[in-house]
Amino acid sequence: MIDIRFPDGRTKAYEAGVTPEMIAGDISSGLKKKTVAAFVDGALYDRNRPIEQSATIELITQDQEEAFEVLNHSTAHLMAQAVRRIYGDALFGVGPPIEEGFYYDIATEATIRQEDLPAIEAMMRQIVQEKIEMYREELTREEALKRFEGDAYKTELILELPEDEPISIYTQGEFVDLCRGGHIGNTGHIKHFKLLSVAGAYWRGKSENTMLQRIYGTSWFSREALENHLAVLEDRKARDHRKLGKELKIFELNQEAGQGLALWLPNGYTIRKVLEDYVYNLERRAGYKHVSTPVLGTKKLYEISGHFAHYQENMFPLMSRDGEEFVLRPMSCPHHMIIYKSELRSYRDLPLRLAEIVIMHRYEASGALSGLERVRAMTLTDSHIFVRKDQIKEEALAAYKLILQAISDLGLKIDYVELALRDNEKGKFHDNDQLWDEAEAMLKALLVEENIEHREVKGEAAFYGPKIDIQVRTAMNHVITMSTVQLDFLLPERFDLTYIGQDGEKHRPVVIHRGLISTWERLMSILLEQYKGAFPTWLAPVQVKVLPVNIDSHRAYADALNERFLDEDFRSELDARPEKLGYRIREAQTLKIPYQIVIGDQEVADQTVTYRRYGEKAQTTVPLEDFVALMHQVIRDKS
RNA sequence: GCCGCUUUAGCUCCAACAGGUAGAGCAAUUCCAUGGUAAGGAAAAGGUUGCUGGUUCGAGUCCAGUAAGCGGCACCA
């Protein structure tokens, strides 16, 4: 007999070999149904894995996060078994649970297409019907290698596991897989799943390796949960900025104009201009000085900065004319370094905060391009803050806070903060350990002191220094870098930047690179998806649309209203086309215009305005002056 | 860049389902309709079916190449 201790501290004796499933069943049949797996002395145990020694147990039930992982992990195995039944030669890479489901990487001669997924799903259902038990076994490395002889993928994985630890494998019917485990015990417990897509994926995520076929799927504990998730996926499609950008005439991508080279249409440019003005004013009040520099620079400038050595792959090819070589700049730092050097700087001049709306070009891999989210010509609200060492913390923090403000004003939310550090990969980062250590320590200290929750990621730093990246999650559930604060001891060296200190000697400043709210392109994609195209009034390309009921008899007042609104700096339009009122209303709604105003006899007689807020059915009639005040209020509040 | 898929009018199209030389809705144009919160009616117009080549008497339809787009991977603001 062994003693099983429960989370509440009570213990109970069971026969050795008892399983979490049996223990749950012993407590109640409801709990047995809901139990997916268990933590046994903190280790993840399958639902049906025998417990051989006294231990503390914590059952994992369906409502827990780990349960979703266990279910999806098991569903990945279920799918693999089905794939093996259909494609006899199939070998498998890795098949983990992921945030919204699972995938499994497959190597097979056959090409698996989207239209093959239903057949695989059907086979999965059959295996579910067969209620196959999933057995865990622990082998030595030699035994495991023997078991997976001829399977290059699993062999490679086994060879990388620690030598002295037992290797677990799972057998479900005729199918055997190498796996750390945490399984639901029987294929019969898997019910509500769907295969979603096939894609290519490099073996072990390395681009020099062969490419496997990856099937993505998702698995849930109830039909409602599955359907709910599928509805979320549908909603994401409706939010896709590429679709909305076309419908609302925000931007255009065109094969002739060039891959990844976005054209901003009038509506898009209007929003962009509002954002530019917003950022300009925000920065101005925060003590930034704005500058403007060219998109072209000499090759030499980028050799000095180190970009040419470290960043060339991401740059458009060199141009040369009359023996001089130029690059299309991928960043603006070198130009700002030159501006710093344009005069002798004193310690009193620091911090010097240079800001610019920078057009830059990066040669992104063709497969990386995606709407406005990844482009090759982009405009960044960029800044370089030149500081003394003793000002680093204060200025980096101020930059961080400015970022928080901008993100909040735009109605966005930070998903997480990342501290990106270097790793040992040669050539990727500049070579001065002392500078690196110092810079990394400073950023770390800042985050810790300010209590900013963050994740450390090695190898993600810029070549010139570590950075704090602010990550947001798009409505498409992509995590992307929105803002960044980067510490740079290197460029000041390379450009030999100095300032005259209080002591009359030359000193080296430090540069803080700061990206405020990504690029206009990426920001636009995020905003479109966030608001589903229904922009808050301060951003909307058209804020008010004035519709006279009768395009003759109500025209004069409608005209006067429109003129008044334009005088108030509202982006107003009059729609007096010879179309039915219903038609004009429909169009205004389709274009998601925040305030739609209909003018008829009543309004003309009373000098009032009847408006309808986008997304609402209600019509409100107010005196003209009240409406003007309301609009000013709404715009000021950025709502 | 890599794997897979897709590409028909300005837009949206499982229109052309055994290869016989292209069809709809919306938008745009003209005419008629004076309309109170999501599409009034009519007419006429619009395409060398992404591009290049091949097979065929004949190609939107089959084949090859190429470009772009899409889903991912790798890369990244």
Side-chain angles (χ1 to χ4, degrees), chain A residues 103 105-106 111-116 196-216 237 240 242-243 246-247 249 252-260 311 313-314 330-331 358 360 362-376 378-382 460 462 467 469-472 478 480-484 486 513 515-523 525-526 547-555 576-591 596-603 610-612 616-619 621:
Chain A
Y103 67 77
D105 286 347
I106 302 158
T111 300
I112 302 174
R113 297 192 175 81
Q114 184 80 27
E115 52 268 34
D116 299 320
L196 298 171
S197 61
V198 225
Y202 296 111
W203 165 236
R204 318 220 66 189
K206 296 217 167 71
S207 54
E208 58 271 22
N209 288 346
T210 54
M211 189 155 264
L212 306 176
Q213 303 184 67
R214 173 175 295 181
I215 300 180
Y216 284 93
K237 274 190 212 155
D240 191 325
R242 293 166 295 195
K243 176 175 137 72
K246 189 174 279 292
E247 284 170 8
K249 300 185 186 171
E252 170 79 6
L253 285 163
N254 173 282
Q255 193 166 346
E256 275 69 45
Q259 209 186 358
Y311 205 74
E313 267 193 17
N314 288 296
M331 291 182 185
V358 177
M360 52 200 200
R362 297 184 184 176
Y363 196 83
E364 299 289 338
S366 61
L369 302 175
S370 177
L372 284 185
E373 200 176 307
R374 273 300 270 289
V375 291
R376 284 178 170 167
M378 66 212 87
T379 312
L380 180 74
T381 57
D382 202 9
E460 295 291 310
K467 52 182 187 168
D469 280 346
I470 285 95
Q471 308 293 109
V472 301
H478 295 165
I480 55 156
T481 301
M482 185 73 188
S483 320
T484 184
Q486 312 179 347
H513 301 244
L516 187 67
I517 38 170
S518 191
T519 60
W520 294 141
E521 287 77 14
R522 177 168 285 184
L523 180 62
S525 76
I526 293 168
L547 310 179
V549 172
N550 182 299
I551 59 171
D552 294 322
S553 58
H554 306 131
R555 176 64 185 265
R577 290 175 302 170
E579 294 288 352
K580 292 285 247 193
L581 180 63
Y583 181 93
R584 287 177 283 145
I585 286 170
R586 180 172 193 277
E587 190 174 276
Q589 293 298 312
T590 311
L591 295 174
Q596 168 195 296
I597 290 181
V598 174
I599 296 306
D601 291 340
Q602 204 61 52
E603 288 76 13
T610 298
Y611 69 86
R612 174 174 157 189
E616 293 170 11
K617 278 277 172 218
Q619 301 164 40
T621 302

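None of the values given here were measured: they were computed from a predicted structure. So you know, we letter chains A, B, ... as the sequences are listed, proteins then strands, and number each from 1. As a basis for the values below, the full set of heavy atoms in this structure was taken, side chains included, without hydrogen atoms, waters or symmetry mates.
- Pair assignment for B/G58 gives none, since no Watson-Crick or G-U wobble pairing has each distance under 3.5 Å.
- For A/Arg113, the side-chain atoms get nearest to B/C5 when compared with the rest of B/C5, B/C73, B/A77.
- Here B/U34 is the nucleotide among B/A77, B/U34, B/C3 with the atom lying nearest to any side-chain atom of A/Asn550.
- Contacts of A/Arg522 with the nucleic acid, taken as non-hydrogen atoms under 4.0 Å apart, include base atoms.
- As the counterpart of B/G53, B/C63 is assigned, both hydrogen-bonding distances of the Watson-Crick or G-U wobble pattern falling under 3.5 Å.
- Counting only heavy atoms from C-beta on, A/Gln255 has its side chain closest to B/A67 among B/A67, B/G71, B/G36.
- Set against B/G71, B/G72, B/A27, the side chain of A/Ser197 has B/G71 as its closest nucleotide.
- Each of B/G71, B/C75, B/G35 was ranked by its minimum atom distance to the side chain of A/Ile551; first place goes to B/G35.
- Here B/C2 is the nucleotide among B/C2, B/A77, B/G35 with the atom lying nearest to any side-chain atom of A/Tyr202.
- Formation of a donor-acceptor pair under 3.5 Å by the A/Arg612 side chain with backbone atoms of A/Gln596 is not found in this model.
- Remark: B/C5 base-pairs with B/G69. Criterion, Watson-Crick or G-U wobble with two distances under 3.5 Å.
- Here A/Glu313 lies out of heavy-atom contact (under 4.0 Å) with every strand.
- Picking from B/G69, B/A74, B/U37 the nucleotide with the shortest atom distance to the side chain of A/Gln259 gives B/G69.
- Among B/C76, B/G35, B/A38, the nucleotide with an atom closest to any side-chain atom of A/Lys580 is B/G35.
- Comparing A/Arg577 and A/Met482 along RNA chain B, the residue whose closest nucleotide (by nearest heavy atom) sits nearer the 5' end is A/Arg577.
- In this structure B/C26 sits in a base pair with B/G10, meeting the Watson-Crick or G-U test at under 3.5 Å.
- Among the atoms of the strands shown, base atoms are found under 4.0 Å from some heavy atom of A/Ile585.
- Not a single donor-acceptor contact under 3.5 angstrom links the side-chain atoms of A/Gln589 to the base of B/U37.
- Closest contact between the side chain of A/Tyr583 and the listed nucleotides B/A74, B/A39, B/U37 involves B/A39.
- A/Glu364 contributes a side-chain N or O that forms a donor-acceptor pair with the base of B/A77 under 3.5 Å.
- The only option from A/Thr379, A/Leu380, A/Ile526 that meets the side chain to side chain contact (heavy atoms under 4.5 Å, CB included) definition with A/Glu521 turns out to be A/Thr379.
- Across all strands shown, B/G35 forms no Watson-Crick or G-U wobble pair with both distances under 3.5 Å.
- Separating the P atom of B/U48 from that of B/A28 is a span of 22 Å, rounded to the nearest Å.
- Set against B/A74, B/A38, B/U37, the side chain of A/Gln619 has B/U37 as its closest nucleotide.
- With no hydrogens or angles considered, no side-chain donor-acceptor pair links A/Thr610 and A/Gln619 at under 3.5 Å.
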